[in-house]
Amino acid sequence: MPSRRINGVKNHKIAVIAGDGIGPEVIEEGVKALRKVSGLDGTFEFDFTYFPWGCEYYLENGEMMPKNGIEILSGFDAIYLGAVGAPGVPDHISLWDLLLKIRHDFDEYVNIRPIKLLNGAPCPIKGVKAGDIDMVVIRENSEGEYAGAGDWLYKGQENEVVLQTGVFSRKGTERIIRYAFELAKKEGKSVTSISKGNALNYSMVFWDSVFAEVSKDYPGIKTYSYLVDAASMFFVKDPKRFEVVVTSNLFGDIITDLGAAISGGMGLAAGANINPERKFPSMFEPIHGSAPDIAGKGIANPFASIWSASQMLDFFGYEDWGKKLIDAIEEVMVEGKVLTPDMGGSSSTSEVGAEVIGKIE
Ligand code: NAD
Ligand code: IPM
Ligand code: MN
């Protein structure tokens, strides 16, 4: 991405797609946090441009975003997304035409999902304390089970057949595994691959062989390889064993909701969709959905969207500020006075947002 300077201040253009349900409620708090940080720092600033795309837009215009939506977004340095999905619009349309389209078209093939139990965060596992859960899931984000390949034959007939084809290219598999190893190398951590070679006799056997192959280039790094069912069990029974985790698109989707559940809940789980080559904008979002059950009530937890804003700061090279956002979230949880109902509190989204922002300095 070309970085611009305006009057000596580094300028980052952010496309905001707040989306549906609680999306706009939580995104607003993240935007405020980013504004606070840039104001305090003074050497960089954010330009936010809001796009009203999502399910309401679909009901009015018959499409989730304009035909040239991707072209419009390509002019931005990053995308900040809330959530997509609303009752009344089929999920496979709303997600494929917006969120998944952006991930695919911008080749955001790395999905970074930190699973870290902070101090003060509720954990449903007995005896597990902050520090015991500290992993990052590197989810393949461009192909695999989400390739969108398949067919629907003889629709509605007796001999109806549906095919959903997983696509695992050598390039796609190798680059995500290599990304995980590079991260582990940088941080001095182990790499765990999660797959399912015993049942998925093409895709996951291939995955495992590429994992073994790539690991030879990193002789100093400890590796583990688990079947996804066993890995799910260990997430709960012994989460400490995981450091850098690499897995396929669908498995990564599922185990990161499980990861959220053991490290504070959906209200805390963030994800970054990264195009490492920076040829296209990357996208930052809480990993939760539009939560229609609580939308409009002003009680959604904004921690996840603020955490994803922190990932955006890291991505732009402001890691110190990124860490300060996480520290602020942690402080608010430790104090335990201003929390949304999912964390046992009675405060609103904006009250919690203001509390976090007040602690950033
Ligand atoms: P969801 O994540 O929206 O909600 C699951 C549960 O977690 C709900 O009980 C919800 O109230 C709770 N929850 C989620 N985020 C919360 C927050 N910030 N604070 C407090 N509680 C929170 O998942 P779902 O119900 O399976 O899906 C709802 C819609 O969202 C569907 O249309 C789905 O396709 C879509 N979806 C979108 C995304 C995305 O845009 N990234 C992700 C997942 C689901
Ligand atoms: C996520 C979401 C999406 C996914 C859905 C909404 C398509 O669940 O980001 O975790 O499966 O990737
Ligand atoms: Mn998910």
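Whatever order the structure lists ligands and atoms in, that order sets their numbers, starting from 1.
At least one heavy atom of I287 lies less than 4.0 angstrom from ligand 1. Taking a 4.0 Å cut-off on heavy atoms, Y146 registers as neighbouring ligand 2. Using a 4.0 Å heavy-atom cutoff, A300 is listed among the residues neighbouring ligand 1.
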query = Would K10 and R4 satisfy side-chain contact (heavy atoms from CB on, under 4.5 Å), going step by step from the backbone distance to the final call?
reply = CA-CA 6 Å; K10 220 174 191 173; R4 289 160 303 278; over 6 Å; no
request  = Show your reasoning for whether side-chain contact (heavy atoms from CB on, under 4.5 Å) applies to T43 and V9.
outcome  = CA-CA 5 Å; T43 68; V9 176; over 6 Å; no
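Atoms of ligand 1 lying under 4.0 Å from at least one heavy atom of P292, given by number and element, are 28 (C). Near G85, with a cut-off below 4.0 Å to any heavy atom, the atoms of ligand 1 are 32 (O). Applying the 4.0 Å criterion to heavy atoms of L95 picks out, from ligand 1, the atoms 34 (O). Residue E285 approaches ligand 1 through these ligand atoms, each under 4.0 Å from one of its heavy atoms: 41 (N). The R103 neighbourhood of ligand 2 comprises atoms 1 (C), 4 (C), 9 (O), 12 (O), with distances under 4.0 Å to a heavy atom of that residue. Contact atoms of ligand 1 toward D91: 31 (C), 32 (O), 33 (C), 34 (O) (distance under 4.0 Å to a heavy atom of the residue). Listed by atom number, the atoms of ligand 1 under 4.0 Å from D342 heavy atoms are 20 (C). Near G289, with a cut-off below 4.0 Å to any heavy atom, the atoms of ligand 1 are 1 (P), 2 (O), 3 (O), 30 (O), 36 (N), 37 (C), 38 (C), 42 (C), 43 (C), 44 (C). Listed by number with element, the atoms of ligand 1 under 4.0 Å from a non-hydrogen atom of I22 are 15 (N), 16 (C), 17 (C), 18 (N).
Looking from atom 2 (C) of ligand 2 to the surrounding protein, the closest heavy atom is D253 OD1, 3.9 Å. In this structure, the protein non-hydrogen atom closest to atom 3 (O) of ligand 1 is A291 N, 2.8 Å. Nearest protein heavy-atom contact of atom 29 (C) of ligand 1 is S290 OG, 3.3 Å. The closest protein non-hydrogen atom to atom 7 (C) of ligand 2 is L95 CG, 3.8 Å. Protein heavy atom nearest atom 22 (C) of ligand 1, with residue, atom name and distance: I294 CD1, 4.1 Å. Looking only at protein heavy atoms, the nearest one to atom 37 (C) of ligand 1 is V84 O, 3.0 Å. In terms of protein heavy atoms, atom 39 (C) of ligand 1 is closest to H288 O, 3.7 Å. Distance from atom 7 (O) of ligand 1 to its nearest protein heavy atom, with residue and atom name: M266 CG, 3.9 Å. In this structure, the protein non-hydrogen atom closest to atom 19 (N) of ligand 1 is N301 N, 2.9 Å.
A salt bridge links E187 to K189: at least one charged side-chain nitrogen sits closer than 4.0 Å to a carboxylate oxygen. By the 4.0 Å N-to-carboxylate-O rule, R103 lies close enough to E285 to be salt-bridged with it. Salt bridge present: D238 and R241 bring a charged side-chain N and a carboxylate O closer than 4.0 Å. Using a cutoff of 4.0 Å between basic side-chain nitrogens and carboxylate oxygens, E28 and K32 are not scored as salt-bridged. Looking at E182 and K186, no side-chain N of the basic residue comes within less than 4.0 Å of a carboxylate O on the acidic one, giving no salt bridge. With salt bridges taken as basic N to acidic carboxylate O contacts below 4.0 Å, none links K101 and D97. Electrostatic pairing of E213 and R170 counts as a salt bridge here, judged by a charged N lying under 4.0 Å from a carboxylate O. With respect to K359 and E335, a salt bridge is recorded, a charged nitrogen being found less than 4.0 Å from a carboxylate O. Classification of D320 and K323 as a salt-bridged pair fails, no side-chain N sitting under 4.0 Å from a carboxylate O. The residues D132 and K240 are annotated as salt-bridged, a charged nitrogen and a carboxylate oxygen being separated by less than 4.0 angstrom.
Note that CD1 of I138 is 11.5 Å distant from CD of E140, once rounded to the nearest 0.5 Å.
Note: H104 and W96 have parallel aromatic rings, judged against thresholds of 30 and 60 degrees for the angle between ring planes. Taking the six-membered ring for Trp and thresholds of 30 and 60 degrees, F181 and Y218 have nearly parallel ring planes, at less than 30 degrees apart.
The ring-ring contact (aromatic ring centres under 6.0 Å, His included) test with F76 singles out one residue from F46, F280, F106, F51, and that residue is F51.
Atom 5 (C) of ligand 1 lies below 4.0 Å from none of the non-hydrogen atoms of the protein. There is no protein heavy atom less than 4.0 angstrom from atom 12 (C) of ligand 1. In this structure, atom 9 (O) of ligand 1 is in close contact with the protein, since a protein heavy atom lies within 4.0 Å of it. In this structure, atom 41 (N) of ligand 1 has protein heavy atoms in its sub-4.0 angstrom surroundings. The presence of a protein heavy atom under 4.0 Å from atom 24 (P) of ligand 1 is ruled out.
The backbone N or O of N275 sits less than 3.5 Å from a side-chain atom of S282, completing a donor-acceptor pair.
Where the criterion is an N or O separation shorter than 3.5 Å, residue side chain and backbone included, R139 meets it with respect to ligand 2.
Within the 4.0 Å heavy-atom criterion, neither part of E145 lies near ligand 2. Under 4.0 Å from ligand 2, the heavy atoms of R113 that appear belong solely to its side chain. At a 4.0 Å heavy-atom cut-off, ligand 2 does not touch H288 at all.
By the side-chain contact (heavy atoms from CB on, under 4.5 Å) test, L153 is found to be paired with D151, V161, residues two or more places apart in sequence or in another chain being considered.
When distances from the Mn ion (ligand 3) to the N, O or S atoms of D253 are compared, OD1 comes out shortest.
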